[in-house]
Amino acid sequence: MPEGHTLHRLAFELTEAFGGHAISSSSPQGRFGAGAARVDGRVLERTEAWGKHLLIDFRGLRERVHIHLGIYGSFVIAGAEQPVVGQVRWRLATGSTTADLRGPTVCELLEPEAADALIDRIGPDPLRADADPEKAWLRISSSRAPIATLLMDQRVLAGVGNVYRAELLFRHRVDPDLAGVDLDHETFTAMWADLSTLMRAGVRTGRIDTVDPEHEPEAMGRDPRVDDHGGEVYVYRRTGQPCLVCGTAVCTRVHAGRNLFWCPRCQQRR
DNA sequence: ATTCTATGTCGAA
DNA sequence: TCGACCTAGAATA
């Protein structure tokens, strides 16, 4: 379930659970065997998130553990002495806490220079206080690519995934096919601020909720529209269901290999 | 039992 | 634009 908010939440939880503690580290599944052995017994200092990437530092070690969950990955923190169930790429544990990483696209040790290069090549992250939205604007306003493509491009903006993309476009009534170059700066500024707020709420709650109170289905006498990912949304995976604002059936299509959802009436080109 | 799907990314064609 | 890859749970048979 990994968009940027998941990774920032995870960074916080891992730092809370393990920061300052010597941890035992292993790779039950085997594919991170050498890396796991390298950090075994060391003190975990901190974990930070940059977009959808996680970087973990250990005392006295130059290399940083780099994790990217990909589309299926999960990192679950639980109590002491959990049995290993299924494929666990990396297990971190203290006497009281166990964290299991499964199915990541990336779990590796990175030299500091490589970690810096990674941070350098991704766009501003709305969850970081030091992020500069104008860097994203520079790329968007100079691109003929559709805004739906640009929002998912991690070099443009880091941390947005398929749910936040669909919901952000809906909330600002932007046509997914609108070229970046045709988006106004005012709209972009509002989208960035909104995204930052939405994602911060996501970090707090661990879910993606994007529906404003006045559009909440309960207030309209209908059933809650809670998606499988656990949040309440306007369009994401609501294909064929009535738009919460205008009642038109929500549309879907595959856009650049990913499912895109939008309301054809609310999100018309202006 | 098998197939499908998923909040992602990369690299080849 | 397409397939490959990582995994688990849901859907289908």
Side-chain angles (χ1 to χ4, degrees), chain A residues 1-11 27-33 35-36 49-55 65-76 78 82-91 99-108 110 114 117-119 121-123 125-127 145-146 148-171 176 195 198-211 225-239 250 252-262:
Chain A
M1 349 140 161
E3 296 198 22
H5 70 300
T6 304
L7 282 299
H8 281 263
R9 185 179 172 84
L10 212 41
S27 179
Q29 176 235 36
R31 288 190 48 191
F32 187 50
W50 289 87
K52 297 171 189 167
H53 300 264
L54 213 53
L55 292 170
V65 175
H66 170 219
I67 290 166
H68 193 294
L69 293 178
I71 202 166
Y72 324 110
S74 68
F75 212 154
V76 175
Q82 301 293 315
V84 172
V85 177
Q87 303 286 305
V88 177
R89 180 79 60 86
W90 187 29
R91 166 168 284 194
D100 281 346
L101 173 66
R102 297 161 199 280
T105 293
V106 177
C107 176
E108 64 184 1
L110 279 189
L118 164 74
I119 291 165
R121 73 169 175 266
I122 60 178
D125 176 347
L127 286 174
T149 304
L150 292 166
L151 288 177
M152 293 281 280
D153 184 338
Q154 303 297 299
R155 294 166 304 183
V156 172
L157 211 145
V160 172
N162 210 11
V163 183
Y164 281 122
R165 163 177 76 173
E167 295 301 304
L168 189 67
L169 289 172
F170 178 85
R171 285 173 59 85
L195 185 58
L198 289 173
M199 292 182 78
R200 276 174 217 288
V203 175
R204 278 196 304 278
T205 62
R207 22 183 285 175
I208 301 179
D209 291 288
T210 60
V211 179
R225 313 285 176 187
V226 177
D227 185 74
D228 289 343
H229 77 277
E232 200 182 331
V233 292
Y234 282 107
V235 291
Y236 178 71
R237 283 208 277 204
R238 291 196 58 242
T239 312
V250 170
T252 188
R253 74 171 198 263
V254 175
H255 173 98
R258 307 300 303 281
N259 295 321
L260 174 66
F261 305 87
W262 79 103

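All values below come from the heavy atoms of this structure, side chains included, with hydrogens, waters and symmetry mates left out. Please read all numbers here as calculations on a predicted model, not as lab measurements. Numbered from 1 within each chain, the chains take letters A, B, ... in sequence-line order.
- Across all their heavy atoms, A:Leu7 and A:His53 have their closest contact at CG-N, 4.4 Å.
- Computed from coordinates, the A:Lys52 NZ to B:dC10 P distance equals 10 Å when rounded to whole Å.
- A:Lys52 contributes a side-chain N or O that, together with a main-chain N or O of A:Val160, makes up a donor-acceptor pair within less than 3.5 Å.
- For B:dT7, the OP1/OP2 oxygens have a side-chain nitrogen or oxygen of A:Tyr236 closer than 4.0 Å.
- Backbone-only engagement by A:Gln29 is indicated by non-hydrogen atom pairs under 4.0 Å involving sugar-phosphate atoms exclusively.
- Counting 5' to 3', DNA chain C first comes under 4.0 angstrom of a heavy atom of chain A and last does so at the ends given by C:dC6 to C:dA8.
- Protein atom CZ of A:Arg121 is 11 Å distant from nucleotide atom P of B:dT9, rounded to whole Å.
- The minimum heavy-atom distance between A:Gly70 and A:Thr105, with the atom names listed, is CA-OG1, 3.1 Å.
- In this structure A:Arg9 satisfies the side chain to side chain contact (heavy atoms under 4.5 Å, CB included) test together with A:Glu13, A:Val203, sequence neighbours excluded.
- Between the side chain of A:Gln154 and the main chain of A:Met152, a donor-acceptor pair closer than 3.5 Å is present.
- The distance from atom CZ of A:Arg258 to atom P of B:dG8 is 4 Å, rounded to the nearest whole Å.
- Listed pair A:Asn162 / B:dA6 fails the phosphate criterion, with no side-chain N or O lying under 4.0 Å from OP1 or OP2.
- For A:Arg253, the side chain to side chain contact (heavy atoms under 4.5 Å, CB included) test picks out A:Asp177, A:His255, A:Leu260, A:Trp262, with sequence neighbours left out.
- If you take CG of A:Leu260 and C1' of B:dA6, they are 16 Å apart, rounded to a whole angstrom.
- Atoms CG (A:Leu157) and P (B:dT7) sit 18 Å apart, rounded to a whole Å.
- Across B:dC10 and C:dA8, the matching P atoms stand 23 Å from one another, rounded to whole Å.
- With both ends at atom C1', the span from B:dT9 to C:dG9 equals 22 Å, rounded to whole Å.
- As judged by a 4.0 angstrom heavy-atom cut-off over every strand, A:Arg31 is placed among residues touching the sugar-phosphate backbone only.
- Here the closest heavy-atom approach between residue A:Ile208 and residue A:Thr210 is recorded as CG2-CG2, 3.9 Å.
- Comparing C:dG3 with B:dC4, their P atoms are spaced 14 Å from each other, to the whole Å.
- The NE2 atom of A:His68 sits 11 Å away from the C1' atom of B:dC10 (whole-angstrom rounding).
- A:Gly86 comes within 4.0 angstrom of sugar-phosphate atoms only, judged by non-hydrogen atoms across all strands, and of no base.
- Remark: C1' of B:dT9 and CG of A:Asp153 are 11 Å apart, rounded to the nearest angstrom.
- Note: CZ (A:Arg238) to C1' (B:dT7) measures 18 Å, nearest angstrom.
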